[in-house]
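If you're wondering where the values come from, they're calculated on a predicted model, not measured in any experiment. Residue numbers count from 1 along this sequence.
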Amino acid sequence: MTMFGTGGLGASSSVFGQTAAASTANPMKDIEVVSPPDDSVSCLEFSPPAVPQTFLVAGSWDNNVRCWEVDQNSGKTQPKAQQTMGGPVLDVAWADDGTKVFMSGCDNTVRCWDLASNQTVQVAQHDAPVKTVHWVKAPNYTCIMTGSWDKTLKFWDTRSPNPMMSIALPERAYCADVDYPMAVVSTANRGIIVYQLEGQPQQFKTQESSLRYQHRCISIFRDKMNRPTGYAIGSVEGRVAIQYVNPANPKDNFTFKCHRSNGTNQGYQDIFSVNDIRFHPVHGTLATVGSDGRFSFWDKDARTKLKTSEAMEQSITKCAFNHTGQIFAYAVSYDWSKGHEFYTPTKKNYIFLHPCFEELKPRPKT
């Protein structure tokens, strides 16, 4: 069954029409998630394949993590639960069985939210805000990987108060991704470190960034054999780099421009930050979202853009695909890229759900 009605996009158009918000706030006429966060959305993750229903969790600068259930047929959402951290939430990660959500934040901790009991318990601690948290499932161990602004990467068996392993980073952890047996971490000063997680986590190699400006987001992609083989990294300068860990040909690595104004403003082009990158779980194509308030879909192998959305009222801060690749969720909220003077408290934060399976199909080779 497809997520948005058995007939796919066409059959669900009436649903989208009925639930659309005002056109300026929702120019794509997508489904609006009810009871959104009260402040900017910092992280967004769908439940894993082990869960028969579809749940969406979002963390926010309002210190809360919220969970919604997404209806399998209509795409409508229902708030299910909420937990509060001791500071702004920076990242969330699901356990692979879907029973727990890990939440990291500016209170220097990671908490484990047991969804069945609706209780949380602290499972990790750093000396500075914890920017990233990821679930790692290996044949011989399971743990969470945390990256912090205290310049460490730590691996935790959540049953123990002390880390299994702590790795010094050259700088603060800014973004990370895990797709076993690979992990990749980007730090301040544009550092990129690739780790292999087999046996026990260890550094595999450091890589030079082909981007000249600060990294904002990183996402691992797989090859045709479904093995993690490289990553895409986005910067504040409206550019994405596609980087293979072991490129067969150096020309396989490339960068492309995105989230930039089409016209020029008095001879200047407006350039916006790339806030998030996600790869489609079925097609292997990718989505980027930016400070320009747009999302774009891309085919990296054909090196072409598949689609760009209309502009939202505010930046798009985060995005996620559900595990079947039917739904694309994106969060519209201020990302502070223009400073406090452009913050408008009266503007609402939104999370929208967009049916995306057809739009992300790769371009046929000509």
Q: Can you measure from OG (S42) to CG (N275) and round to the nearest 0.5 angstrom?
A: 12.0 Å

Q: Mark yes or no: K300 above the aromatic ring of F221, with NZ or CZ under 6.0 Å from the six-membered ring centre and no more than 45 degrees from the axis.
A: yes

Q: To the nearest 0.5 angstrom, please state how far the CD1 atom of I277 sits from the SG atom of C258.
A: 7.0 Å

(Q) Looking only at side-chain N and O atoms, does T152 offer a donor or acceptor that is under 3.5 Å from a partner on S166? (A) no

Q: Using atom types as modelled and distance alone, determine if a side-chain donor or acceptor of S333 lies under 3.5 Å from a backbone N or O of N349.
A: no

Q: First locate atom CD1 of I233, then atom OG of S210, and finally report the distance between them rounded to the nearest 0.5 Å.
A: 8.5 Å

Q: May I ask you to check whether F357 and H280 place their ring centers less than 6.0 Å from one another?
A: yes

**Q.** S160-D157 side chain donor-acceptor pair, cut-off 3.5 Å
**A.** no

Table please: side-chain donor-acceptor pairs of residues 172-184 below 3.5 Å, with sequence neighbours left out.
| from | atom 1 | to | atom 2 | distance (Å) |
| --- | --- | --- | --- | --- |
| D177 | OD2 | I220 | N | 2.7 |
| D179 | OD1 | R222 | NH2 | 2.9 |
| D179 | OD2 | R222 | NE | 2.7 |
| D179 | OD2 | R222 | NH2 | 3.4 |

Q: Please name the pair of heavy atoms, one in T77 and one in V34, separated by the smallest distance, quoted to 0.1 Å.
A: OG1-N, 3.1 Å

Q) Do F204 and Y195 have ring centroids that are under 6.0 Å from one another? A) no

Q: Kindly give the heavy-atom pair with the smallest separation between R260 and F272, and that separation in Å.
A: CA-CD1, 4.3 Å

Q) Quick check: does any side chain N or O of R190 sit under 3.5 Å from a backbone N or O of L211, one acting as donor and the other as acceptor? A) yes

Q) Heavy-atom count around K257 NZ within 6.0 Å, excluding the residue itself: above 12? A) no

Q) If every non-hydrogen atom of E310 is compared with every non-hydrogen atom of M28, which pair is closest and at what distance? A) N-SD, 3.3 Å

Q | Pairwise distance CG(L353) to CD1(I327) - rounded to 0.5 angstrom | A | 6.0 Å

Q.
Can you tell me how far apart NE2 (H134) and OG (S104) are? Round to the nearest 0.5 Å.
A. 9.5 Å

Q. Just how far is it from atom CD of Q203 to atom CD1 of I193, taken to the nearest 0.5 Å?
A. 5.5 Å

**Q.** Exercise: identify the closest heavy-atom pair between H323 and S47
**A.** CD2-O, 4.1 Å

Q.
Test your reading of the model: is there a side-chain donor-acceptor pair from D30 to the backbone of H354, 3.5 Å cut-off?
A. no

Q: Grab the two heavy atoms, one from P129 and one from C106, that are nearest each other, plus how far apart they are.
A: CB-CA, 3.8 Å

Q: Take R278 and E45 through the test salt bridge (charged side-chain N to carboxylate O under 4.0 Å, His left out) and record every step on the way to the result.
A: CA-CA 11 Å; R278 293 296 180 104; E45 294 290 345; 2.8 Å; yes

(Q) Which heavy atom of I316 sits nearest to which heavy atom of F295, and what is that distance? (A) CD1-N, 3.7 Å

Q. Side chains of W113 and N118: do they bring a donor and an acceptor to under 3.5 Å?
A. yes

Q: Would you mind checking if R66 and D38 are paired as a salt bridge, meaning a charged N to carboxylate O distance below 4.0 Å?
A: yes

(Q) Are F328 and F297 an aromatic pair, judged by ring center distance below 6.0 Å? (A) yes

